[in-house]
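Beneath this line is the structure, given in structure tokens, with notes to follow.
None of the values given here were measured: they were computed from a predicted structure.
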Amino acid sequence: MLASRFLVPQLEEEVRELRAQTEHLTGELQSARDQFQAVLDAVPGGVSWINADLEYLGINARLAATFGLKPEDFVGKKVGFLQSSPDFPDFVAEFVRSPQQSASREVEMTIDGARCVYLLMAQKYGLGQSSVFVGIDITDRKAAEEKLFRDAFFDKLTGLPNRSLLLERMERALIYSKRRDGYLFAVLFIDCDGFKHINDSLGHTVGDRLLSAVARRLEALVRSADTVARLGGDEFVLLLDDIEDLSHATHIAERIQRSMTTPFPLEGQEVFITASIGITLNTAAYVNTEELLRDADTAMYRAKTEGRNRYEIFDRHMHAAAMQRLELESDLHRSLDAQDFILHFQPILDLPSGKLHSFEALVRWNRPLRGWTRPGDFIALAEETGLILRLDRWVLRAACEQMRAWMDEFGERAPHAISVNLSSRQFAQNDLVTCVADILLETRLPASHLKLEITESAIMGNLEFVAVQLQGLCDLGLHLSIDDFGTGYSSLSYLHRLPLHTLKVDRSFAQEVSDCGQNLEIVRAIVMLAHALKMDVVAEGIETIEQRDLFRDLGCEFAQGFYFSRGLDVFEARALIENGVWPGG
């Protein structure tokens, strides 16, 4: 009894101590739990604990708040009870049952009706009976990555693959073709004919809509395995993958051209456009994609030069022609810098008297390493590349200088004027009148001794603007002539609106009138019309005495052609001036 009296208080004290220790440990444990929860809640993502039965043991507050719930709402619930993502439960189940200790995967979720992308990271703990999952919202990052990808590989206007992605797919096809016998693919290079005119007349907004409409129409014509790409401007490329033979490519080209016959409804009006197409097939000769694209482009250019709205299939002769064209363009650049051009002068005779009246300046090119090159071989390229602007201005200055020299040497016996042809691109320049005025001032040539010629087709290209240009030139005091008259379609409708002094009848009329009497009344009407408008008439292309007499009898004041003289160099022209009368007259 005595012992028990001492043991009870001792035991009670130990119990109190144990209880105090337990309360202390419980407090420390709760504090640790609170700290751990605070850390988890501060994690920039969702954290959850899941057991082997795919039940939630707990989640952090951030993840619960994402779904508008509290952490305790998840405890004991099966994974996927929110039905926010089919990918998440699959990933959890796969990971829990696998021997892996850690894993990660991107999954899609729908939260508040919005599509989100999460990066999930999983780690097992507690002898693998439970797992912790951390999810980070990477929606914005994925959107930024997709935007960077689209900006790098897709055209912003049409949404089509751009040049970079096209070349990547062509490279893949080219590599595959080296591994599999008989594998064939085709590249179609497409250029929209006349797109610049639509852009200039209807505006860039309509032009952009047209390009997008063309893109959609092209996509509808090919298989899903094929690629429709936009290189830029109005150029598109089709990569036709794994085709049987060339006929598949030509069939698609024909379908494209047929589809373009249907007008595009834009801005309340119907817009028509055609396409020029170049086709090339992969062969063993090709080692890189740039060569394939280049040759398809070359074939397209041939389709353009052959009349547009057609397709051409590449052959090696086209490449040779393209290289010659490139060499010609390079030589043009160098010769303009080195001033390798010279002028020849074709006499324009006074028909009634046979005396020399004036000269027309003709450009001639002694091409380095190639010799004399005909204007027909380089003028068209100069116009296409824009080099004609430099060439025109050089010809104008050189002609004015030569005319001034003749005036200084021969005085009153000098030719009345010198005629210079200006291209339609030159007439499109806003500074044309200023440029001509400056050249006249620098060469000291009176404006009345210069005659500028423009073709009928150039006038019809932009009548209102050309009319302003011509009036500005006329105000300088020089004379204006319309060249190749009769080859256009609206001649009579504009003649009275322009300040012209001379009408040059196209050389084709001289040939047709003399051969079988055709067009005689037309020429007679042209001469009468010109005289009624106070214009003199020059007959071009006179090659026989019969042609000379016929045009003289019709009332033409002047004529030029091989019957009188070819183009003369400066020394031969000087000799003719000294004589004053054509030797055969």
Side-chain angles (χ1 to χ4, degrees), residues 155-158 160 162-163 188-218 228-238 253 256-257 259-278 293-294 296-312 322 325-326 329 332 379-392 422-432 454-469 488-490:
D155 174 53
K156 291 182 180 179
L157 175 63
T158 63
L160 295 177
N162 62 12
R163 183 187 184 93
L188 276 65
F189 200 111
I190 304 166
D191 184 272
C192 298
D193 302 324
F195 176 75
K196 183 179 184 301
H197 175 70
I198 293 173
N199 228 12
D200 292 343
S201 58
L202 300 180
H204 290 275
T205 299
V206 175
D208 287 349
R209 291 178 181 172
L210 175 60
L211 292 175
S212 295
V214 170
R216 303 289 81 79
R217 198 167 288 188
L218 292 176
V228 181
R230 180 184 177 225
L231 294 192
D234 59 338
E235 294 179 338
F236 297 85
V237 172
L238 268 58
I256 292 171
Q257 290 177 326
S259 74
M260 294 300 175
T261 60
T262 302
F264 293 87
L266 299 171
E267 297 295 316
Q269 58 184 310
E270 292 184 335
V271 177
F272 290 85
I273 199 166
T274 59
S276 295
I277 305 171
L293 202 58
R294 176 203 66 196
D297 186 15
T298 299
M300 183 279 295
Y301 180 78
R302 172 65 63 85
K304 285 276 191 187
T305 58
E306 292 296 321
R308 304 186 176 191
N309 191 26
R310 56 183 292 142
Y311 67 83
E312 290 286 342
R325 181 179 181 275
L326 181 62
E329 183 177 345
L332 266 175
I379 292 296
L381 179 60
E383 290 181 341
E384 182 181 335
T385 59
L387 292 174
I388 194 68
L389 299 175
R390 291 180 61 192
L391 183 59
D392 272 359
L422 291 186
S423 67
S424 57
R425 293 193 67 156
Q426 192 69 263
F427 265 86
Q429 302 304 302
N430 291 321
D431 65 342
L432 174 61
I454 181 173
T455 62
E456 182 179 8
S457 58
I459 289 176
M460 295 312 301
N462 192 347
L463 181 58
E464 298 302 325
F465 180 75
V466 170
V468 174
Q469 294 278 62
Y489 299 99
S490 305

request  = Report the C-alpha distance between Arg230 and Asn162 in whole Å, list the side-chain angles of each, state the deciding distance to 0.1 Å, and finish with yes or no for side-chain contact (heavy atoms from CB on, under 4.5 Å).
outcome  = CA-CA 5 Å; Arg230 180 184 177 225; Asn162 62 12; over 6 Å; no
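- Between Leu391 and Ile388, some side-chain heavy-atom pair lies under the 4.5 Å cut-off.
- Side chain of Gln426 to main chain of Leu389: a donor-acceptor pair is present (N/O by atom type, distance under 3.5 Å, no hydrogens or angles).
- Formation of a donor-acceptor pair under 3.5 Å by the Glu270 side chain with backbone atoms of Thr262 is not found in this model.
- Here Leu387 contributes atom CG and Ser423 contributes atom OG; the two are 11.0 Å apart, rounded to the nearest 0.5 Å.
- In this structure, Gln257 contributes its side chain and Arg310 its backbone to a donor-acceptor pair below 3.5 Å.
- When side chains are defined from C-beta on, Phe236 counts as touching Cys192, because their heavy atoms get closer than 4.5 Å.
- Looking at every heavy atom in both residues, Phe465 comes nearest to Phe427 through CE2-O, 3.2 Å.
- The structure places CG of Leu332 at 5.5 Å from CG of Leu381, a figure rounded to the nearest 0.5 Å.
- In terms of heavy-atom proximity, Leu160 sits nearest to Ala215 at CD1-CB, 3.5 Å.
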request  = Under the side-chain contact (heavy atoms from CB on, under 4.5 Å) rule, what do Val271 and Ile198 come out as? Steps first, then yes or no, please.
outcome  = CA-CA 8 Å; Val271 177; Ile198 293 173; 3.6 Å; yes
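- Interatomic distance, Arg217 CZ to Ser212 OG, rounded to the nearest 0.5 Å: 13.0 Å.
- A distance-only check finds no donor-acceptor pair linking the side chain of Arg163 to the backbone of Leu231 [under 3.5 Å].
- For the pair Tyr311/Ile256, no side-chain contact is recorded, criterion being any heavy-atom separation below 4.5 Å from C-beta on.
- A donor-acceptor contact closer than 3.5 angstrom links the side chains of Asp155 and Thr158.
- Side-chain atoms of Leu210 and Asn199, non-hydrogen and from C-beta on, never get closer than 4.5 Å to each other.
- With values rounded to the nearest 0.5 angstrom, Asp234 atom CG is found 10.0 Å from Ser276 atom OG.
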query = Please walk me through it: do Phe189 and Thr298 pass side-chain contact (heavy atoms from CB on, under 4.5 Å)?
reply = CA-CA 9 Å; Phe189 200 111; Thr298 299; over 6 Å; no
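- Residue Thr305 holds its OG1 atom at 9.0 Å from CD of Glu384, rounded to the nearest 0.5 Å.
- Of the N and O atoms on the side chains of Thr274 and Asp193, at least one donor lies less than 3.5 Å from an acceptor on the other residue.
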ask   = For Thr261 and Phe272, what are the C-alpha separation, side-chain angles and deciding distance, and is it a side-chain contact (heavy atoms from CB on, under 4.5 Å)?
value = CA-CA 7 Å; Thr261 60; Phe272 290 85; over 6 Å; no
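- The heavy-atom pair separating Gln469 from Gln429 by the smallest distance is NE2-O, 2.6 Å.
- Residues Glu312 and Ile277 are not in side-chain contact: their nearest non-hydrogen atoms beyond the backbone lie 4.5 Å or more apart.
- To the nearest 0.5 Å, the span separating CE on Met300 from CG on Leu188 amounts to 12.0 Å.
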